[in-house]
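Everything below concerns the one structure shown next.
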Amino acid sequence: MSWGFLHHLLSGVNKYSTGIGRIWVAVVCIFRLLVYIAVAENIWKHEQDEFECNIKQPGCENVCFDHFFPISHIRLWALQLILVSTPSLLVVFHVAYRENHPNQKLYKAPGWLDGGLLCTYLISLVLKTAFEVVFLFLFYKLYDGFKVPSLVKCDLRPCPSAVDCYISKPTEKMILLYFLVATSCLCIVLNLSELGYVMFKYSVKCYLKRYAKKRQ
């Protein structure tokens with residue numbers, strides 16, 4: 001799968017971000033996107049083929065695998081990366097609309113947040129944070145508290161009795177899952193920090209404007 005479009009999107013919105021926003025882009029591109037491409041895809045590449053049960057009853061392994069892995073870690077992580085990055089499109093579209101309409105007032109400089117762009121930027125931060133929290137909850141519920149056991153017991157039909165099923169490379173997968181959770185939490189902290197910073201900066205700006213008017 002080509003992830004060039006995602007890198008291009010994040011690079012485009014980077015010039016209209018604050019300093020904290022640029023750190024978020026770096027975390028997503030380096031510690032999430034590159035790790036996904038270089039490491040995660042290889043670890044989970046043959047997860048179903050390497051899932052083995054100690055009985056060869058037709059259909060048993062497939063049913064057990066689907067029960068313990070209703071959604072693949074790697075596919076869920078890919079969906080998370082896409083959804084937490086797409087709110088940045090709001091900022092890109094907002095700026096593109098201004099630039100393509102001569103009668104619209106252009107922004108003074110990259111990084112300038114005011115008026116409609118400020119609202120769009122705040123909405124994108126809230127959406128990114130919400131997506132991160134939702135996916136952390138999904139990972140927790142689907143995989144029983146961020147765990148990848150080496151052995152699971154399955155008694156679903158068509159298995160004739162309780163069978164032992166073995167997950168390949170459980171330690172490697174669990175370490176990567178912890179890394180995924182840690183980077184998600186870091187991104188949540190960065191988003192909330194940026195949200196607070198932007199709102200504080202805008203509040204100070206409004207206060208100074210009112211103070212200047214009173215002085216006049």
Side-chain angles (χ1 to χ4, degrees), residues 3 5-36 76-141 146 177-216:
W3 291 91
F5 77 98
L6 192 58
H7 183 271
H8 179 71
L9 164 64
L10 295 174
S11 300
V13 77
N14 199 30
K15 65 178 182 179
Y16 290 99
S17 300
T18 65
I20 301 174
R22 294 187 183 97
I23 296 174
W24 178 87
V25 171
V27 169
V28 172
C29 287
I30 298 174
F31 295 103
R32 299 181 76 171
L33 186 57
L34 289 183
V35 167
Y36 176 92
L76 195 58
W77 193 3
L79 183 61
Q80 181 184 19
L81 279 172
I82 292 170
L83 289 182
V84 299
S85 302
T86 47
S88 300
L89 280 172
L90 296 173
V91 179
V92 174
F93 289 156
H94 188 106
V95 173
Y97 174 79
R98 286 294 188 96
E99 291 176 347
N100 292 327
H101 288 73
N103 59 331
Q104 295 287 337
K105 179 183 176 182
L106 295 179
Y107 297 107
K108 295 181 178 180
W112 179 265
L113 294 176
D114 201 0
L117 181 60
L118 175 65
C119 293
T120 303
Y121 199 84
L122 291 177
I123 290 171
S124 72
L125 287 175
V126 171
L127 288 176
K128 286 190 288 188
T129 305
F131 282 134
E132 294 282 11
V133 172
V134 168
F135 274 95
L136 279 179
F137 177 77
L138 282 176
F139 272 105
Y140 184 85
K141 293 296 289 184
F146 312 119
L177 184 59
Y178 287 158
F179 179 82
L180 180 155
V181 172
T183 52
S184 291
C185 291
L186 176 59
C187 286
I188 291 173
V189 171
L190 290 172
N191 287 331
L192 292 176
S193 300
E194 188 176 18
L195 187 64
Y197 169 76
V198 171
M199 293 180 69
F200 174 76
K201 188 176 178 180
Y202 184 72
S203 299
V204 170
K205 180 181 176 181
C206 291
Y207 173 79
L208 292 176
K209 277 186 177 180
R210 288 197 297 268
Y211 181 75
K213 286 182 179 180
K214 288 181 180 179
R215 290 292 300 272
Q216 289 176 357

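Numbering of residues begins at 1 and proceeds along the displayed sequence. Quick note: numbers below take in every heavy atom, side chains included, and nothing from hydrogens, waters or symmetry partners.
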- Phe139 and Leu180, any side-chain heavy atoms less than 4.5 Å apart: yes

- Query: In Å, rounded to the nearest 0.5 Å, how long is the span from OG1 of Thr120 to CG of Leu125?
  - Reply: 11.0 Å

- Query: If you look at every heavy atom in Pro87 and Ser124, which pair is closest and at what distance?
  - Reply: O-CB, 3.4 Å

- Could you pull out all residues at least two apart from Leu34 that satisfy side-chain contact (heavy atoms from CB on, under 4.5 Å)? none

- For Phe146, look at atom CZ and say whether over 12 heavy atoms of other residues, nucleotides or ligands are found less than 6.0 Å away. yes

- Query: In chain order, what residues pass the ring pair (Phe, Tyr, Trp, His ring centres under 6.0 Å) check against Phe31, with sequence neighbours excluded?
  - Reply: none

- Message: Val134: which residues meet the side-chain contact (heavy atoms from CB on, under 4.5 Å) condition with it, sequence neighbours left out?
- Response: Leu138

- Message: Quick check: closest heavy atoms across Leu190 and Ile20, and the distance to 0.1 Å?
- Response: O-CG2, 3.4 Å

- With sequence neighbours left out, which residue pairs that include part of residues 117-127 fulfil the salt bridge (Lys or Arg N to Asp or Glu O under 4.0 Å) condition? none

- Message: Restricting to ring pair (Phe, Tyr, Trp, His ring centres under 6.0 Å), what partner residues turn up for Tyr178, sequence neighbours left out?
- Response: none

- Query: Out of curiosity, Ser184 OG to Phe131 CZ, how far, rounded to the nearest 0.5 Å?
  - Reply: 13.5 Å

- Query: What distance do Leu83 atom CG and Phe135 atom CZ have between them, rounded to the nearest 0.5 Å?
  - Reply: 4.5 Å

- Distance (rounded to the nearest 0.5 Å) between Leu122 CG and Leu127 CG: 11.0 Å

- Any pair with a residue in residues 126-138 that passes salt bridge (Lys or Arg N to Asp or Glu O under 4.0 Å), sequence neighbours left out, goes on the list, sorted by first then second residue, please. Arg32-Glu132

- Item | Any side-chain heavy-atom pair of Val28 and Ser85 under 4.5 Å | yes

- Message: Within the structure provided, determine whether Leu136 and Ile188 are in side-chain contact (heavy-atom separation under 4.5 Å).
- Response: yes

- Are side-chain heavy atoms of Leu186 and Val27 found at a separation under 4.5 Å? yes

